[in-house]
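Read the numbers this way: they start at 1 and go in the same order the structure lists the ligands and their atoms. All residue numbers refer to positions in the sequence shown, counting from 1.
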Amino acid sequence: MLDVHVLILGGTGEARALAADLHARPGFSVTSSLAGRVRNPALPVGEVRIGGFGGVDGLVDYLRAAGVDAVVDATHPFAATISRNAAAAARRAGVSLLMLRRPGWTAQAGDDWTRVASIGDAAALVATGPSGTVFLTTGRRDLAAFAGDAAHHYLVRTVEPPDCAVPPRMTLLLDRGPYTVDGEATLLREHAVRVLVTKDSGGPMTTAKLVAARAAGVPIVMVDRPAPPDGAELVEDVDAATAWVLARR
Ligand code: NAP
């Protein structure tokens, strides 16, 4: 019996955990795919391919040429384009698709969060807000939305240097974590942060900033996730994704 070929669309810790989990299973061959945005990315175990597919058409061609039987879209909750493309390509190629998307964060007692629907809404909100430093942890590709605001100082933390328009008054920190609550608290204090802007990425990797902001009374502008593609079959954790893959056999 031929192995079931599973394509994991990755770039997240969950995608790496799923690849590691499936790697040891007989009857499955697994390929992980990364966009190639980050230098020296954390690599999953097993077969890895790097770079875009060339839209929906390119992904359909890839699925057919590589003999992919099932796709797990384990990309970041804000990676909306690849998720949309994966849904369309899997449908067209007749390949089953699962979306693995970790749950978003939930505000706790003591939190002062304002939820907004988009990065643009977050930018409009802070640009018209009181003076003081705005801490942006939304990623370099979202910086352009804040570039028109010369009134506020921005503390910006990204993994890779920005390659688009940035706020004119900016202090840039290049860091990929992991972050600690103490470290985040120090950052908030030393830069006199007035408000933190973050995407609702969910997961445990970047919650230290939420805890530190709560303790320091710093409000958060929380950008909501894009909706998953229509009709997507969704699970929220790696174990459920593994079970789904095992059932493809
Ligand atoms: P995106 O806007 O949804 O995708 C843009 C294009 O990048 C896609 O059309 C596709 O190119 C390519 N691409 C994205 N993910 C890919 C993958 N896993 N394998 C092959 N090609 C991929 O994605 P993004 O927001 O730029 O994120 C890029 C990657 O970084 C994602 O894989 C995601 O998991 C990871 N990431 C994103 C964020 C975030 O905040 N957005 C945070 C952490 C990690 P083609 O059209 O040419 O196929």
Is there side-chain contact between [X] and [Y], with heavy atoms separated by less than 4.5 Å?
X	Y	result
Thr12	Arg102	yes
Leu246	Phe28	yes
Pro77	Asp200	no
Tyr154	Thr133	no

Original post:
Which residues pass the salt bridge (Lys or Arg N to Asp or Glu O under 4.0 Å) test with Asp61, sequence neighbours left out?
Top reply: none
Could you see which bit of [X] sits under 4.0 Å from ligand 1, with heavy atoms only: side chain, backbone, both or neither?
X	value
Ala15	neither
Asn85	side chain
Arg49	side chain

Original post:
Cationic tip of Arg115 within the cone over Trp113's six-membered ring, i.e. under 6.0 Å and within 45° of the normal?
Top reply: no
Original post:
Do the numbers put Arg157 on top of the ring of Tyr179, so that NZ or CZ is under 6.0 Å from the six-membered ring centre and no more than 45° off the axis?
Top reply: yes
Taking both backbone and side-chain atoms of [X], is any N or O found less than 3.5 Å from an N or O belonging to ligand 1?
X	answer
Ser83	no
Ser33	yes
Phe53	yes
His76	yes
Gly54	yes
Thr75	no

Heavy-atom gap [X] to ligand 1 smaller than 4.0 Å:
X	answer
Gly10	yes
Gly51	yes
Leu59	no

Determine whether the side chains of [X] and [Y] contain a donor N or O and an acceptor N or O closer than 3.5 Å.
X	Y	answer
His76	Ser201	yes
Thr180	Asp182	no
Thr31	His5	yes

Which protein heavy atom lies closest to [atom], and at what distance to 0.1 Å?
atom	result
atom 28 (C) of ligand 1	Arg37 NH1, 3.3 Å
atom 16 (C) of ligand 1	Ala35 CB, 3.5 Å
atom 35 (C) of ligand 1	Gly11 O, 3.9 Å
atom 24 (P) of ligand 1	Arg141 NH2, 3.2 Å
atom 10 (C) of ligand 1	Ile82 CD1, 3.9 Å
atom 40 (O) of ligand 1	Lys199 NZ, 2.8 Å
atom 1 (P) of ligand 1	Thr81 CB, 3.8 Å
atom 11 (O) of ligand 1	Gly52 CA, 3.6 Å

May I ask you to list the atoms of ligand 1 that are less than 4.0 angstrom from any heavy atom of [X]?
X	answer
Gly55	45 (P), 46 (O), 47 (O), 48 (O)
Ala80	3 (O)
Ala79	3 (O), 23 (O), 25 (O), 27 (O), 33 (C)

Subject >> Heavy atoms of other groups near Asp230 CG, more than 12 under 6.0 Å >> reply: no
Subject >> Of Thr138, Val197, Val221, the residue whose pairing with Ile119 passes side-chain contact (heavy atoms from CB on, under 4.5 Å) >> reply: Thr138
Subject >> SB check Arg141 Asp163 (cutoff 4.0 Å) >> reply: no
**OP:** Could I get the full list of ring pair (Phe, Tyr, Trp, His ring centres under 6.0 Å) partners for Phe53, not counting sequence neighbours?
**Re:** Tyr62
Subject >> Any non-hydrogen protein atom less than 4.0 Å away from atom 30 (O) of ligand 1 >> reply: no
